[in-house]
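Before any comments, here is the structure.
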Amino acid sequence: MCGVFMKGELMNENSISGSNLRSTADGIRALISYGLDKNLIGADDRVYASNLLIDVMRYEPSSVFSVMDLTANNDSRVMDLTANNDSRVTDLTADNDSRVMNLTADNNSSASDAQARSAPVYELEDILKYLLDDAVARGVTEDGTASRDLFDTRLMGCLTPRPSEVIRQFNELYKDSPQKATDYFYALSRDSDYIRTYRVKKDLKWITKTKYGDLDITVNLSKPEKDPKAIAAALTKKQDSYPKCLLCPENVGYAGRLDHPARETIRLIPLTLGGKQWYMQYSPYVYYNEHCIVLSGEHVPMKIDHDTFVRLLEFTKLFPHYTIGSNADLPIVGGSILTHEHFQGGRYTFAMARAGIREALSFAGYEDVTAGIVEWPMSVIRLDSDDPCRLTELADTILTSWRNYSDPSVDILAATPADCSSTEQIKNGASKPDAEHLSSAKQNFIPHNTITPIARRRGDMYELDLVLRNNRTTDEYPLGIFHPHNELHHIKKENIGLIEVMGLAVLPSRLLGEMEQLKKALRDGTDVSTIPAISSHAAWTEEIIDKHPELSYDYISSGKTSDDDIDKILRDEIGIVFSKVLEHCGVFKDTREGSDAFHRFTNSIRRISS
């Protein structure tokens, strides 16, 4: 732990060479050097930025302190965190087919980049840790994860360019190419530590082959698991704090508090979508390459309608190298934030985008739009056209049809009275809503049908995937009929939102420790049901052992099954559970009955469109 540094106590306040930071001045100079190296600040900003850091650190340097000798090319440059990748992390990028697991400590591209930059001395994580420890030791800030995150964000805010400068640079680069503009903005979001790369890279990532194609599986170690009921409750909670939520534009530059993260390093790019003010930022959790969030300038709830399709397709026109989609607008089938309208996108090819068409469709009056049912565990209609207006018209027709569609034979009800949600009650005489009921605020009906839409470009063509969703609950399925059922909750209980709908699992961090305990139980021959921390996996473990005899105690104890073998089997089986999660969320199952029901719905759309 660092001591208290006062004026005149340091032997050399301008030294940052060597393997260890030795003083507050060392830390400040190292951070300035980092800012220069990453082009967060220029040479003319050195003194200004160092004085901001001195103020934040409540530090009084001696008269010999200086940063004027620091340049972007000196030997004390900071290690690029992409140069050393954790061996467990899949490099989820768009340019390497997005599916190859990186099993080496140094991938080729990162290694060559590192060599071109000269030998590094300090990682950003080490610089910030040193300054945080120093600040805690001197009583400048409290200890604890939340307090430390607030404080190091304030430090990095001293280096992050002003919003107007970021917007100006983005717009200049956009004139040359949209990709150059997003490359700059994404690099800035990482270099400013808004995206804490050293945390995100700890997430576990792998690929599981399924009958639906290769699914991306991630175990999230940087974001807490959210309960579906808590997400729904947030919709009715009075919002009188500032900023109103994590997605409001007022977050830019906000210092944060213990229950709201600091946002001094976030920057937004203004966009006009559907004639309204929207903004683009990147997600601090980057579940995939260049994971961006596109948010409304107004704090309004999620809503899927005609304008949603317009905005999604306009975004793909602005950024044709990005996919973009929206979470649904109802609890259970929506994302973790329903209170602020937003989309999520990025430069990544998801498994759903690689899926083919199971069956072609045609809609009267829209013969110029190519349509079909996607070969996917969820119920997806894909539309393709070179005219985004035609896509929007047909998508809106399908949405309107789905909002009002019921088929009790497969548990689909468009809406139910507030005090009546079960199929049996409907069958036994409870009134069924009509279109007028659904559109009238005076009627006490709860809507259940909505859509999760995804837009992308394929060359000059525009493409929309419309994922049909229903959020109805029953006594048997209190979290949702078309939600992961109880037997899968040991792996996934959270809402299945946009990212997972597209085939990328975001699984809770608890699985890391639980799988280690499960592996130990398999090695020791211990009954999993007797271990409270992992007893929820007991039935699943029995199924896995029946499927993989090499996981039996006899095999493992004889040395025929290695730890790596166990890890691979567990990873694959977790991925298979995720494919079942998606199947549970599909409103029309991949069965003869489900196929017939899907046809009944698409036929109803044909009648409306004609």
Side-chain angles (χ1 to χ4, degrees), residues 1-38 40-41 45-62 64-70 72 74-81 120-161 190-200 253-258 261-266 284:
M1 183 64 69
C2 304
V4 178
F5 297 115
M6 300 299 291
K7 180 178 178 180
E9 288 185 353
L10 302 173
M11 292 182 62
N12 184 352
E13 288 190 294
N14 297 326
S15 172
I16 60 173
S17 61
S19 59
N20 296 308
L21 296 168
R22 295 176 295 175
S23 68
T24 310
D26 280 1
I28 291 172
R29 280 172 51 82
L31 203 51
I32 292 296
S33 183
Y34 173 88
L36 290 166
D37 191 53
K38 298 297 184 182
L40 296 174
I41 60 173
D45 301 318
R46 289 173 295 186
V47 172
Y48 174 78
S50 66
N51 282 333
L52 291 178
L53 292 170
I54 286 169
D55 178 59
V56 173
M57 291 296 297
R58 298 183 193 172
Y59 169 68
E60 184 180 354
S62 71
V64 299
F65 176 83
S66 175
V67 293
M68 295 301 291
D69 60 307
L70 300 178
N74 63 26
D75 289 336
S76 51
R77 297 203 294 176
V78 182
M79 181 177 294
D80 185 334
L81 292 174
V121 175
Y122 298 120
E123 293 186 1
L124 177 60
E125 182 181 14
D126 294 335
I127 298 172
L128 293 177
K129 182 180 184 305
Y130 183 89
L131 290 172
L132 283 167
D133 288 346
D134 173 44
V136 169
R138 294 188 292 111
V140 177
T141 187
E142 297 293 325
D143 205 356
T145 301
S147 295
R148 291 170 75 95
D149 283 356
L150 291 172
F151 193 80
D152 69 9
T153 303
R154 189 177 175 196
L155 291 173
M156 292 305 298
C158 298
L159 302 180
T160 306
R190 290 178 298 168
D191 294 340
S192 67
D193 206 39
Y194 174 68
I195 298 173
R196 297 174 184 265
T197 313
Y198 44 86
R199 289 186 186 174
V200 174
Y254 185 61
R257 52 186 188 268
L258 290 179
R263 288 292 185 253
E264 286 145 314
T265 55
I266 195 175

Nearest atoms (heavy-atom pairs only) where A30 meets L21: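 Between these two residues, the closest heavy atoms are CB-CD2, 4.0 Å.
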Nearest atoms (heavy-atom pairs only) where P284 meets Y194: CD-OH, 3.3 Å
Using 0.5 Å steps for rounding, measure from the [atom1] atom of [X] to the [atom2] atom of [Y].
| X | Y | atom1 | atom2 | answer |
| --- | --- | --- | --- | --- |
| I127 | S33 | CD1 | OG | 7.5 Å |
| S50 | Y59 | OG | OH | 11.5 Å |
| I41 | L159 | CD1 | CG | 5.5 Å |
| D152 | E264 | CG | CD | 10.0 Å |
| I32 | L53 | CD1 | CG | 5.0 Å |
| C158 | D45 | SG | CG | 12.0 Å |

What residues, two or more places apart in sequence or in another chain, satisfy side-chain contact (heavy atoms from CB on, under 4.5 Å) together with [X]?
| X | answer |
| --- | --- |
| N51 | V47, I54 |
| L150 | L258, A262 |
| R199 | D149, R196 |

So do [Y] and [X] actually touch side chain to side chain, heavy atoms under 4.5 Å?
| X | Y | answer |
| --- | --- | --- |
| M156 | T153 | no |
| V56 | F151 | yes |
| Y34 | L40 | yes |

D69 and R29 ion-paired at < 4.0 Å: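 Yes, this pair counts.
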Any donor-acceptor pair under 3.5 Å from [X] side chain to [Y] backbone:
| X | Y | result |
| --- | --- | --- |
| D26 | R22 | yes |
| R46 | M68 | yes |
| Y122 | L31 | no |

side-chain contact (heavy atoms from CB on, under 4.5 Å) partner of M57, chosen from V140, L52, L131: L131
Steps toward salt bridge (Lys or Arg N to Asp or Glu O under 4.0 Å) verdict (R148, D133): CA-CA 9 Å; R148 291 170 75 95; D133 288 346; 2.9 Å; yes
Worked verdict on T141 versus R154 for side chain to side chain contact (heavy atoms under 4.5 Å, CB included): CA-CA 11 Å; T141 187; R154 189 177 175 196; over 6 Å; no
Between Y198 and D193, a side-chain donor and acceptor under 3.5 Å: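 Judged by distance alone, the side chains do pair up.
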